[in-house]
Colleague: 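My structure is below; once you've seen it, I'll send some questions.
These numbers were taken from a predicted model, which means no experiment stands behind them. Quick note on labels: first sequence line is chain A, next is B, and so on, each numbered from 1.
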Amino acid sequence: MSISSKLDILNPAQREAVCAPAGNLLVLAGAGSGKTRVLVHRIAWLVAEQGVSPLQILAVTFTNKAAAEMRSRLELLLGRRSHGMWVGTFHGLSHKLMRLHWAECGLQENFQVIDSDDQYQLIRRIFKEQNLNEDRWDPRQAQGFINRKKDEGLRAAQLSHPGDIYEETMAQIYRRYEEYCQQNVLVDFAELLLGSHELLSKNAELALHYQTRFKHSLVDEFQDTNTIQYQWLKQLTNSAESMTVVGDDDQSIYGWRGAKIENIHRFQKDYQNTSVVRLEQNYRSTSTILKAANALIMNNDGRMGKTLWTEGEAGEPINVYCAFSEEDEALYVVRQAKKWLEQGGVFSELAVLYRSNAQSRVLEEALVRAGIPYVIYGGLRFFERAEIKDALSYLRLMVNCHDNMAFERIVNVPPRGIGDKTFEKIKVLASQQELSLWDATLVALKDKMLTSRAAISLEAFMALIIRLREISEQGSLADSVEAAVQESGLIQYFRDQFNERALTRAENLEELINASSDFASDLTEEWAEALGPTTPLLAFLSHACLEAGDRRSGDEQSSVQLMTLHSAKGLEFPSVFICGLEEGLFPHHSAKDSLTALEEERRLCYVGITRAMKELHLCYAEKRRLFGREEMRRPSKFLEEVPAHLIKDVSSRVKTSRAYPYYDDWSTSTAAEIATKELQNGYYLGQRVVHAKFGEGTVLDFEGQGERARIHVHFDGAGSKWLVLELAKLESA
DNA sequence: TTTTAGACCATTTTT
DNA sequence: TGGTCTAAAA
């Protein structure tokens with residue numbers, strides 16, 4: 001197989017990186033400079049031209065998305081599946097190591113991965129158990145503390161701060177947390193890295209095995225690595241012939257999460273004779289956009305240095321819109337979106353970026369009014385939803401009935417008459433006799449310590465779990481999931497409730513069954529390779545934690561894309577709006593006292609600007625409602641840092657004018673039309689109505705459709721009530 | 001067990 | 001302002 005013809009499409013710098021001789025290589029890849037292409041081609045080059053076996057390759061990314069893209073592009077390039085190659089995320093590969101060597105990790109074969117929400121809940125449980133006052137000590141802080149320490153490679157036992165009450169308390173919580181995880185065979189995200197790192201540092205032989213295996217390693221987004229990830233890599237690549245890291249110090253926006261840009265500098269010190277290649281030719285944006293980005297980022301100190309350029313044309317100037325208010329800013333976006341459509345564009349080519357999620361609301365409202373479809377990134381992902389986690393807890397108990405977390409979560413979900421009192425007795429018994437909740441329940445039942453009603457319920461619950469376990473031993477993965485969802489009564493519980501939310505939940509549970517069946521059929525072949533030896537059920541549970549699903553919500557095909565600047569990283573759009581470019585908002589006020597923080601904000605802005613291919617709109621408002629208060633705003637300093645000659649002021653008004661003129665574009669959605677949109681089932685918000693029994697009142701809210709529709713009315717005499725619309729027989733007052 | 005009222009607080013987020 | 005969380009009330 002020849003790859004050389006495929007190298008022709010590379011530019012000189014890309015080719016230099018792809019074909020660099022074995023050794024250590026640092027690729028500084030600017031935004032839109034084809035870094036994934038370089039990474040993929042380098043692997044292909046190693047395999048096809050240098051005769052490197054896929055088994056010798058380790059390729060690490062941060063996100064599942066990046067890993068999947070790398071894998072599929074590699075397949076395309078090599079014309080075959082890359083069997084035996086380790087391509088995955090830091091966490092995914094760590095997980096694989098731990099599954100393969102669970103015993104050496106001091107775990108059991110059926111260990112389970114927990115996500116950050118599980119971790120948080122667990123820490124709160126520890127707070128209760130230790131009688132820690134949540135007003136004084138914040139569980140979130142403790143969670144941050146534990147993860148930070150783990151990311152630094154530190155165990156609770158290694159911490160000591162005599163006299164410092166804060167550190168002491170946190171360390172104590174950490175210790176208890178470790179204990180709990182060990183007892184319940186739970187592994188959190190940070191633990192995957194730390195645990196697999198320790199696995200290798202404690203087993204010289206094993207370490208040597210992997211070190212001699214992975215002759216060629218490649219790492220994506222290197223600027224985002226934290227301390228433990230760096231050590232982890234160093235350990236695995238100890239005797240590698242080539243180590244290729246790709247990154248961009250200018251796009252480091254996760255410092256607050258423990259990412260260390262310094263790792264780029266450290267790499268050059270730790271890995272001798274590192275050659276550096278800069279990818280500066282950009283294939284994404286117009287030169288105007290690139291000039292703006294370059295000028296902005298020049299204001300940061302201590303950069304590795306890079307200047308983006310393009311062979312493409314200058315394109316349009318950058319639009320700067322000074323809005324009167326945040327509503328006006330949103331209307332600008334609406335106007336431009338309509339214009340884009342008129343000129344033959346598609347909504348999905350537009351991205352609206354903002355610093356914080358709270359900003360999306362006003363934008364959404366304006367888009368809804370204008371009838372423009374949009375998709376918003378953010379919110380809960382599929383596997384993070386409460387009902388899904390409930391169902392997964394049943395599965396977890398099927399795998400390991402001593403999983404106390406899962407036990408506690410679902411023992412009374414759906415409600416089966418096992419209340420706090422009963423459960424408290426079991427918890428006390430469990431801690432006294434050092435039993436799992438499961439075993440403690442057995443003892444409590446045997447010794448008749450419970451009321452008969454509770455005993456019956458608990459017996460039924462345990463019988464259910466045992467029955468489910470039997471089903472899972474005989475049937476397929478989808479059978480197990482379906483049984484867990486059906487037999488537990490979980491889905492029926494939601495179906496019995498007549499409101500939209502419960503219905504959605506029931507639908508989600510059905511979707512979970514589908515997901516498990518897809519997972520089983522799609523991945524059967526890949527399991528062994530991706531995860532090592534494990535059961536389908538365990539694999540599915542881990543998958544649910546490690547790849548919690550898409551963050552997007554909304555299902556329109558051609559929709560405007562709304563997201564934070566952080567989530568825009570790695571994406572590109574023909575036209576980009578950056579909203580809320582105001583001091584205190586972007587850069588965020590929390591960055592005002594720290595130069596490092598300010599520089600990270602600037603990099604975030606740089607990331608935003610470099611998402612744009614053809615058009616860029618920078619928006620800010622003179623006045624914005626923040627926390628219910630109206631405030632006058634100052635434009636962001638980042639706006640001044642963009643050279644004036646690249647900018648076109650598109651503000652539609654004279655400084656002194658008032659709101660009225662901006663509502664030109666509302667001509668299509670007049671007051672009457674807005675009112676109609678808010679009219680539901682013949683009623684509208686704020687309407688005065690009369691009820692035969694409760695008298696006069698005001699309509700506050702609606703819920704549901706058709707027969708299930710309910711209306712929330714505040715009655716002057718009788719207070720506020722939810723009424724079933726069909727039965728209420730309301731009349732207009 | 002579920003609903004509701006009041007307190008509190010307010011970047012960014014992947015795994 | 002509004003979303004989330006907890007404690008109290010129905």
Colleague: Within the structure shown, what part of the strands sits under 4.0 Å from A:Asn357 by heavy-atom distance: base, sugar-phosphate, or nothing?
Modeller: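 Sugar-phosphate, no base atom in range.
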
Colleague: Does the pair A:Asp250/A:Arg603 count as a salt bridge with the N-to-O cut at 4.0 Å?
Modeller: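 Salt bridge: no.
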
Colleague: What's A:Ser356 touching, base or sugar-phosphate or nothing? Going by heavy atoms closer than 4.0 Å.
Modeller: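 Sugar-phosphate contact only.
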
Colleague: Near A:Arg155 CZ, under 6.0 Å, is it more than 12 heavy atoms from other residues, nucleotides or ligands?
Modeller: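 It does: A:Arg155 CZ has more than 12 such atoms within range.
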
Colleague: Indicate syn or anti for C:dT6, taking the glycosidic torsion and treating anything within 90° of 0 as syn.
Modeller: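 Judged by the O4'-C1' to base torsion, C:dT6 sits in anti, the angle falling more than 90° away from 0.
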
Colleague: NA contact type, A:Phe62, heavy-atom cut-off 4.0 Å: base, sugar-phosphate, or nothing?
Modeller: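 If one applies the 4.0 Å heavy-atom cut-off, A:Phe62 turns out to touch the sugar-phosphate alone, with no base involved.
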
Colleague: Just checking, any donor-acceptor pair under 3.5 angstrom between side chains of A:Tyr180 and A:Arg125?
Modeller: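 Result is yes, a qualifying pair exists.
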
Colleague: I want to verify a distance call: between B:dT11, B:dT15, B:dT13, whose nearest atom is closest to the A:His589 side chain?
Modeller: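 Among B:dT11, B:dT15, B:dT13, the one nearest the side chain of A:His589 is B:dT11.
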
Colleague: Planes under 30° and centres closer than 5.5 Å, is that true for A:His91 with the base of B:dT15?
Modeller: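 Aromatic stack with B:dT15 absent for A:His91.
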
Colleague: Taking any heavy-atom pair under 4.0 Å as a contact, classify A:Phe90: base, sugar-phosphate, or nothing.
Modeller: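 Answer is nothing: A:Phe90 stays at 4.0 Å or more from every strand.
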
Colleague: Ring centres within less than 5.5 Å and planes less than 30° apart: is that true of A:Trp256 and B:dT12 in this structure?
Modeller: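 Stacked: ring centres under 5.5 Å, planes under 30°.
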
Colleague: When all nucleic acid strands are considered with a 4.0 Å heavy-atom cut-off, which category describes A:Ser94: base, sugar-phosphate, or nothing?
Modeller: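 If one applies the 4.0 Å heavy-atom cut-off, A:Ser94 turns out to touch nothing in the nucleic acid.
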
Colleague: I want to check a possible cation-pi pair here: A:Arg99 against A:Phe111, using under 6.0 Å from ring centre and within 45° of the ring axis as the test.
Modeller: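 Judged by the rule, A:Arg99 and A:Phe111 form a cation-pi pair.
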
Colleague: If you look at every strand shown and take non-hydrogen atoms under 4.0 Å, does A:Arg629 touch a base, only sugar-phosphate, or nothing?
Modeller: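 Since no nucleic acid heavy atom lies under 4.0 Å of A:Arg629, the category is nothing.
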
Colleague: Describe the nucleic acid contact of A:Glu601 in one word from base, sugar-phosphate, nothing, applying a heavy-atom distance below 4.0 Å.
Modeller: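 Since a base atom lies under 4.0 Å of A:Glu601, the category is base.
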
Colleague: Looking at every strand, decide which applies to A:Arg124 at a 4.0 Å heavy-atom threshold: base, sugar-phosphate, or nothing.
Modeller: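 Since only primed, P, OP1 and OP2 atoms lie under 4.0 Å of A:Arg124, the category is sugar-phosphate.
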
Colleague: Within the 4.0 Å heavy-atom criterion, would you say A:Asp188 contacts the bases, only the backbone, or no part of the nucleic acid?
Modeller: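 Nothing, no heavy atom under 4.0 Å.
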
Colleague: Taking only the side-chain heavy atoms of A:Arg355 (C-beta and beyond), determine which of C:dT6, B:dT2, B:dT12 contains the nearest atom.
Modeller: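 Within the option list, the nearest is B:dT12.
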
Colleague: Do we get A:Arg140 above A:Tyr120's six-membered ring, with its NZ or CZ under 6.0 Å from the centre and within 45° of the axis?
Modeller: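 Yes, A:Arg140 lies over the aromatic ring of A:Tyr120.
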
Colleague: Once you apply a heavy-atom cut-off of 4.0 Å, does A:Asn412 come out as touching a base, just sugar-phosphate, or nothing?
Modeller: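 Sugar-phosphate, backbone atoms only, no base.
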
Colleague: Considering only C:dT1, B:dT13, B:dT15, which nucleotide approaches the side chain of A:Glu384 most closely?
Modeller: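 Closest nucleotide among those given: B:dT15.
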
Colleague: For a quick check of understanding: with a heavy-atom distance under 4.0 Å over all strands, which category does A:Tyr120 fall into, base, sugar-phosphate or nothing?
Modeller: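 Contact class for A:Tyr120: none.
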
